[in-house]
Amino acid sequence: MNRHFRVWRGDSSGGDLEDFDVEVNDGEVVLDIIHRLQATQAPDLACRWNCKAGKCGSCSMEINGMPRLGCMTRMSTFTADETITVTPLRTFPVIRDLVTDVSFNYEKARQTPAFAPPTGVAPGQYRMQQVDVERSQEFRKCIECYLCQNTCHVVRDHEENKEAFSGPRFFIRAAELDMHPLDARNDRKQYAQQSQGLGFCNITKCCTEVCPEHIKITDNAIIPMKERVVDRRYDPLVRLGRKIFRRDQLEDPAPVPAQRVTGETPSGQRLPEGPPVGPDGRLEIAELAAPLQGGLSPFGEDMTFPLPPERVSYHHPEPDSPPPAHS
């Protein structure tokens, strides 16, 4: 059965929609049709993809105006006489055809302060309660397809906001680290408010609607972060204290500058450092070919597990000395 497709063709200088009639078989997804177009009618059609299983986030595109993954959008969801229009993500600059430059997101990722474990905790000495694992597990499902970034009108409709606004993908990262019981930083909320542009978000929930992993970005990450910021900033007791004490005694700590991803926190704690990059911002070839890609572990590379196998079940470590007896 043939179906009618309209696919955007062009580059950064401009382009237009091009019409195709292409064969569609049962059980196929939009990405299958794009591949068939490349094989039969448009061999120079550019499209980014990788896993074709909804886990890499590479094939992000807009299908009939809705940000979706090409590999997870089944052709059976469209009517037989419907024209399927495929366009690149609108928020990011077009490189060619359906491929866009999403480097904005990687710049924001580098600006986000890294996880900072507390001092004095060696490998194997800390155990997280299961409730703490479950609190942030939802946010770790993110596949970085950047559909939420694309549909967020704060950056989609206002190019001038990009410098001051990180976007929903990095709000859930901030929320995840703020919930982490091992993270030693205590300025996640202030940083989200003052350096990531949390206040720009007016919680329309468009990011949640397009998330292919069904992460409740707004309800479980952005709104709780906003509430924590408000609780800290506008707590009645804190406001009363501001009237009694000097401003410099109660003012919120200054946020870490956006460019300082490594170095030290305001309290003097050392942050994990990422791998060195070249002048073009890319990893060196030696780093890419190394058996351990990426930065060093914040706990060090002498990873030993001191517990016997029968203890590998989320037990708290035994105390060094027995607790005092109660009378």
Side-chain angles (χ1 to χ4, degrees), residues 48-51 54-62 66-72 88-93 99-115 135-180 183 185 188-226 228-229 255-256 258-259 261 274 281 294:
R48 183 183 286 131
W49 72 284
N50 187 21
C51 73
K55 292 303 177 185
C56 73
S58 300
C59 61
S60 300
M61 58 185 69
E62 295 196 8
M66 175 67 74
R68 295 178 177 178
L69 293 179
C71 68
M72 299 300 290
L89 300 179
R90 299 186 196 178
T91 302
F92 308 114
V99 179
T100 55
D101 180 4
V102 294
S103 59
F104 161 81
N105 302 288
Y106 298 105
E107 293 170 5
K108 295 302 178 181
R110 289 182 178 179
Q111 293 172 8
T112 303
F115 170 78
R135 286 180 69 192
S136 58
Q137 184 66 33
E138 176 186 16
F139 307 135
R140 298 193 186 100
K141 296 192 301 180
C142 175
I143 61 175
E144 296 197 327
C145 60
Y146 303 126
L147 294 182
C148 61
Q149 300 283 90
N150 174 68
T151 197
C152 179
H153 60 274
V154 178
V155 292
R156 186 184 182 108
D157 300 331
H158 303 278
E159 183 71 22
E160 68 276 9
N161 289 340
K162 283 189 175 182
E163 183 176 354
F165 188 75
S166 293
R169 190 277 170 266
F170 302 103
F171 291 153
I172 68 173
R173 175 63 174 162
E176 174 195 345
L177 293 173
D178 193 48
M179 296 176 183
H180 201 300
D183 185 64
R185 297 183 64 106
R188 297 286 180 190
K189 293 177 283 292
Q190 291 85 354
Y191 184 85
Q193 177 197 18
Q194 301 177 29
S195 298
Q196 290 185 294
L198 182 65
F200 281 97
C201 173
N202 56 5
I203 55 177
T204 57
K205 300 189 179 183
C206 49
C207 52
T208 301
E209 291 179 4
V210 300
C211 179
E213 289 294 324
H214 308 292
I215 301 172
K216 294 181 173 59
I217 300 172
T218 310
D219 292 338
N220 292 351
I222 297 178
I223 290 178
M225 284 294 285
K226 281 177 171 284
R228 291 172 206 153
V229 169
V256 180
Q259 66 273 16
V261 181

Inset, instruction - Answer yes or no: is there a donor N or O on one side and an acceptor on the other, between the side chain of R156 and the main chain of T91, under 3.5 Å? - result: no
Atom [atom1] of [X] and atom [atom2] of [Y]: how far apart are they, to the nearest 0.5 Å?
X    : Y    : atom1 : atom2 : result
S166 : N161 : OG    : CG    : 12.0 Å
E176 : S136 : CD    : OG    : 5.0 Å
M61  : R90  : CE    : CZ    : 14.5 Å
L147 : C211 : CG    : SG    : 8.0 Å
L89  : S60  : CG    : OG    : 5.5 Å
T208 : N220 : OG1   : CG    : 8.5 Å

Can you check whether [X] reaches [Y] side chain to side chain, under 4.5 Å on heavy atoms?
X    : Y    : result
W49  : C71  : no
P88  : V99  : no
I215 : C142 : yes
K226 : C201 : yes
C59  : R48  : no
H153 : T204 : yes
Q193 : K189 : no

Closest approach of [X] and [Y], non-hydrogen atoms and distance?
X    : Y    : answer
I143 : P212 : CD1-CG, 4.0 Å
H214 : E138 : O-OE2, 4.1 Å
F200 : A164 : CE1-CB, 4.2 Å
L69  : C145 : CD2-CB, 3.8 Å
C148 : C207 : CB-CB, 3.6 Å
A114 : R185 : O-CD, 4.0 Å

Legend entry - Stepwise side chain to side chain contact (heavy atoms under 4.5 Å, CB included) test for V155 and Q149: CA-CA 8 Å; V155 292; Q149 300 283 90; 5.6 Å; no
Legend entry - Output field: ring centroids F171/F165 closer than 6.0 Å: yes
Inset, instruction - Kindly determine whether Q111 and F170 satisfy side chain to side chain contact (heavy atoms under 4.5 Å, CB included), including the steps that lead there. - result: CA-CA 10 Å; Q111 293 172 8; F170 302 103; over 6 Å; no
Inset, instruction - Take atom CD of E160 as the centre, draw a 6.0 Å sphere, and report whether it contains more than 12 heavy atoms from other residues, nucleotides or ligands. - result: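 Buried by this count: over 12 neighbours within 6.0 Å.
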Inset, instruction - Step by step, work out the side chain to side chain contact (heavy atoms under 4.5 Å, CB included) result for F115 and H180. - result: CA-CA 9 Å; F115 170 78; H180 201 300; 3.8 Å; yes
Does the distance from a Lys or Arg side-chain N to an Asp or Glu carboxylate O, for [X] and [Y], drop under 4.0 Å?
X    : Y    : value
K205 : D219 : yes
K162 : E159 : yes
R68  : E62  : no

Inset, instruction - Establish, from distance only, whether the side-chain atoms of S58 and N50 form a donor-acceptor pair under 3.5 Å. - result: no
Inset, instruction - In sequence, state the C-alpha distance, the side-chain angles, and the governing distance for R188 and D183, and then conclude on side chain to side chain contact (heavy atoms under 4.5 Å, CB included). - result: CA-CA 10 Å; R188 297 286 180 190; D183 185 64; 2.9 Å; yes
